[in-house]
Amino acid sequence: MIRTEELLLNVGPQHPSTHGVFRIIVKLDGEVITEATPVIGYLHRGTEKLAENLTYTQVIPYTDRMDYVSAMTNNYVLCHAVETLMDLEIPERAEFLRLIVMELQRIASHLVWWGTYLLDIGAMSPFLYAFREREMIVNMFNELCGARLTYFYMRVGGVKWDAPEGWIDKVRDFIPYMREKLDEYEQLVSGNEIFLARVKGVGTYDAQSAIDFGLSGANLRSTGVKFDLRKDQPYSIYDRFDFDVPVQTAGDCYARYLVRFEEIKQSLRILEQAVEQFPEDGQIMAKVPRVIRPPEGEVYTRIESPRGEIGCHIVSKKKPQPYRLKFRRPSFVNLQILPKLLVGETMTNLVTILGGIDIVLGEVDG
Amino acid sequence: MKGIVKGMGVTLKNLTKKKVTHQYPDVPLEMPDRFRGVQHFDPEKCIVCNQCMNICPTDCIDLIGKKNPDPEKKGKVIDTYDINFEICILCDLCTEVCPTEAIVMTNNFELATYSRDDLFKNMEWLNDNNTNVRKENSINIPPKKAKKEEK
Amino acid sequence: MSDQKQVTEMDPKESKKNIENIEEEVTEEPSPNQDRLDRIVELIKTNIAEDAIEVAFINELDRDLPCIVIRSPYWVKTAMLLKESELLKLNYLRNVSGIDFETHFEVVYYLLSMSTGNQLDVCIKVKADRENPSIPSITSVWNTANWNEREIYDLLGVQFPGHPNLKRIMMPDDWEGHPLRKDYEPIDPEV
Amino acid sequence: MNLLQDLTFSSFMWFLSGAVVLLAVVLGFVTYAIYFERKVIGWIQLRKGPNRVGPLGLFQTVADVLKLLLKEDTIPRNADRFLFILAPVIAFVPAFVVLATIPYTSLLQFADLNVGLLYYFALSSISTIGILLGGWASNNKYSLLGGMRSAAQMISYEVPLVMSVVGVVLLSGSLSLNTIVEGQAGGFWQWNILPQFVGFIIFIIAAVSELNRTPFDLPEAESELVAGYHVEYSGFRFAFFMLAEYVYVYAIAALTTVLFLGGWHSPLPFLDFIPAIVWFILKFLSIVFFLFWIRATLPRIRVDHLMSLGWKVLLPLALVNIFVTTIVIELIKYFK
């Protein structure tokens, strides 16, 4: 008599494919998952609590550490929220610098995603190739603001540093280089039959459930919902640039892959225009009082981070410190759909689906 | 099969390409001027205004001032100045607020030690850390002036 | 140039979609969203109850965002209405925040419509008293609320009756207290 | 062959020293195969590869092995001790034993069995039992999954592997590896790879799968099962598994050379002045390089795809290949 039992497997918190300290308890029937329970909080640093005792400027370096793969957009969302509260007008040159670093950051972040995703799927080399290109962006950031990961570049009212001499030219040169490399990536991976078999039709959900679960970014756009905050609720100076919002309709891992891949190309397009229109001269900081005391009130700003809609909700009591600071962290929200997707899939697909959602644990746990 | 063959071609091409890695500890890494490394502290310049201590988001700076030993001069001089690099995040805010550039960033970044105790750096250590000091230092430079320097 | 820019910054979607005529001086004129707010208030009042709404106002600091404070007993029904009504179709819950105001708790929901095209936000607030705070869960309406409510329960201690799995999410299960409360004192200050 | 017939003490010593020499050669190969693999993959990934220990990092593997030998030997408390210890041995021994039948040149061969090919396949599948045992005995869920995958993979791929070489056997009319090579003399157009191209492709795919290497490294898939069947192994027991894997790389590369690439024969007759062993090594190394190359390029295949590929594509193809080969051979015979 054969006795079969369900296997309770504890994937993580230390596991090569959970992209950090994420734990998911799966019940396995053979290799098929019958139940999945995510457990998070291993990286919870209490940013929101810490922020209540810090001034707005002091909070910005903490946001670097939330989504550490895309620190620039985190910087921006906080600054943008405070600026909205204070009704500040940002100098043109600062806006351009912000936009350029944010788009570079989007490319860098998607490159990290691309590399690690293929590493999850089992291909080693793409990771190294992606990091070669990311390294160039990181070096540019290093030159601009003196750090390679936690940039702390933006301030309320502008940016800390002006672009050093020749920096804009470096960005300009990077665009055709990156385009060429994207072609290489496409040849290396996008047509690979093994890869396609791994991602097509895996982790499918429809637009209805994507909206219901509050997904954003590529996770939402892969289901055919054409919603990109840069276009639909523009912030910064995105309305001046011409770019498309890539959309796929299949809603599977491959669709998400294609959306992100296309987003890199669109970011390059934006960069191309931004570099051309970059103002010759100008201030990089608005006139901001030394102690930032936004008026009493409440604001919620949201921008399109590489992972989706990152939001910042500030409750201000006219003090230098925020009364309550809450971040809408896209990875945290996007991850909620995971248990639903995993049921009935194999262990192998767990890795593919989790990688496809593109989470950063620093952001999930806040 | 076609996709696989294409991919194989890409990797084969890369086999002979120039390598991009650094021989790191053998060949030191050159950081750009703005790089935020371990601070250099100059006790001579410090006026004990406590701004760096107050702005520090992680409270990693501890300083104590004393009365100026020279009775003719007013104000305070620095007595002890410690930075705890266990929690310092090298965010640059202390150098940004410093009115006299007594604390400045350097390009030195190697902080790894075998003991956490070694990460407490006192005034002497910070004063001796005077190589690769950053040239362009404070946001207090008025933007217009900064622009001129750039050009 | 600068004038025009200010307008785009103030209310980009307005200028783009041309729903309303652009008001340059928002502070003096009634807000462009006032009439939208009135419509929502009207809808809730007719369909739910006359006293479902505590107060409704325009948050001028936040790009004239319509804000409605709902009394918590009516919240689930109102949520269903907001999501289902043909007029609004607020099917996307973008953010849930919990705030400790020391006198009371407030949970703020930012809603958005993905299907009606005029993607305008609405902000809904629900209050809970300081002793024994409790707000009905809306996980059954928007799945997004699931983890967000857990997070608020974990960090602020607001109960969400009706939630399928109201457990701590960030802190360990045996953690004492709710860290984001203003009067929170850690048991061991070193941790 | 005389050695086998009368086993005296001196012939036994010869025999033993031969085995020791082979072991030394194999260990030397494994040492530098690992080095070579890391270098090749490093180069492909725009890195330099190992370059610290010794000149050009040549002693890197030696240092690694030393480290493994010095490491604490841990056995999980709830593991099945006996099987846990036995598993690496079972995995390694067949890997070494199969090498006996490989003909390097017409003279250099340890045992010319007339069922050499059969011997190879029969023994090599025993290694999978070692992997399965190791996965089960560790009492770890990841390694259990790895072991299960390994067993499933072995069953699905052993069949097409054997079927794919039947065509070669039909062509040369023998199971002896030596005879198979002899049949491919006289230039590259005589090599089995041309008439048996389909067989060759199936053989390569199935062989990589048998090796448990990327893209078929499911039993140890590090991004899913952490390290699969050898999660709990450390120190020299882990080294044994590694050793077994690389010895199989050696064996499969040698076997491919023998079966499809004409063994020690030169590709063009006028190149015959180059010693036979050089040709063998060249062909052998290009196969080894190919294995490393695909490891650096391809993503991992999925378990269910692996099964369907094995049963639904490779096996029918192999059968068709046998069928067509037989018909062609018979037709040629008929018209001669």
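What's counted below: heavy atoms across the whole structure, side chains too, no hydrogens, waters or symmetry copies. A note on names: the letters A, B, ... follow the listed sequences, proteins ahead of strands, and every chain is numbered from 1.
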Heavy-atom contact with chain A under 4.5 Å, split by part of [X]:
{"X": "C:K167", "result": "neither"}
{"X": "C:N59", "result": "side chain"}
{"X": "C:R150", "result": "neither"}
{"X": "C:Y110", "result": "side chain"}
{"X": "C:D100", "result": "backbone"}
{"X": "C:V108", "result": "side chain"}
{"X": "C:E102", "result": "both"}

Quick one: which residue pairs count as a ring-ring contact (aromatic ring centres under 6.0 Å, His included) with a foot in residues 56-82 of chain C, not counting sequence neighbours?
C:W75-C:Y109
Going by heavy atoms in the side chains, are [X] and [Y] under 4.5 Å from each other?
{"X": "C:M114", "Y": "A:D232", "answer": "no"}
{"X": "C:R94", "Y": "A:Y300", "answer": "yes"}
{"X": "C:L180", "Y": "A:E52", "answer": "yes"}
{"X": "C:N148", "Y": "A:Q336", "answer": "yes"}

Do other residues, nucleotides or ligands put more than 12 heavy atoms under 6.0 Å from [X] [atom1]?
{"X": "C:K127", "atom1": "NZ", "result": "yes"}
{"X": "A:Q273", "atom1": "CD", "result": "yes"}
{"X": "A:K27", "atom1": "NZ", "result": "no"}

Counting heavy-atom pairs under 4.5 Å with chain C, which one of A:V299, A:V39, A:D212, A:D365 comes out on top?
A:D212
I need the residue from A:V333, A:L220, A:I40 with the largest number of non-hydrogen atom pairs under 4.5 Å to chain C.
A:I40
Which atoms of [X] are under 4.5 Å from chain C, going by heavy atoms: the side chain, the backbone, both sets, or neither?
{"X": "A:Y323", "answer": "both"}
{"X": "A:L50", "answer": "neither"}
{"X": "A:E296", "answer": "backbone"}
{"X": "A:T301", "answer": "both"}

Compare every heavy atom of C:R181 with every heavy atom of A:K49, then report the nearest pair and how far apart it is.
NZ-O, 3.1 Å
Smallest heavy-atom separation, C:D121 atom then A:Q233 atom, equals OD1-NE2, 3.1 Å
Which distance, rounded to the nearest 0.5 Å, do you find between the [atom1] of [X] and the [atom2] of [Y]?
{"X": "C:S97", "Y": "A:E298", "atom1": "OG", "atom2": "CD", "answer": "8.0 Å"}
{"X": "A:R324", "Y": "C:K182", "atom1": "CZ", "atom2": "NZ", "answer": "8.5 Å"}
{"X": "C:T144", "Y": "A:I211", "atom1": "OG1", "atom2": "CD1", "answer": "10.0 Å"}
{"X": "A:L215", "Y": "C:N143", "atom1": "CG", "atom2": "CG", "answer": "10.0 Å"}
{"X": "A:R302", "Y": "C:L112", "atom1": "CZ", "atom2": "CG", "answer": "8.5 Å"}

Those residues of residues 307-317 of chain A that come under 4.5 Å of chain C on a heavy-atom basis, listed by number, are A:E309, A:H313, A:V315, A:K317
Looking only at heavy atoms and a cut-off of under 4.5 Å, which of C:N146, C:D154, C:L155, C:N165 has the most pairs with chain A?
C:N146
Please determine if C:E151 and A:K326 form a salt bridge, counting it only when a charged side-chain N lies under 4.0 Å from a carboxylate O.
yes
Any donor-acceptor pair under 3.5 Å from C:Y92 side chain to A:G214 backbone
yes
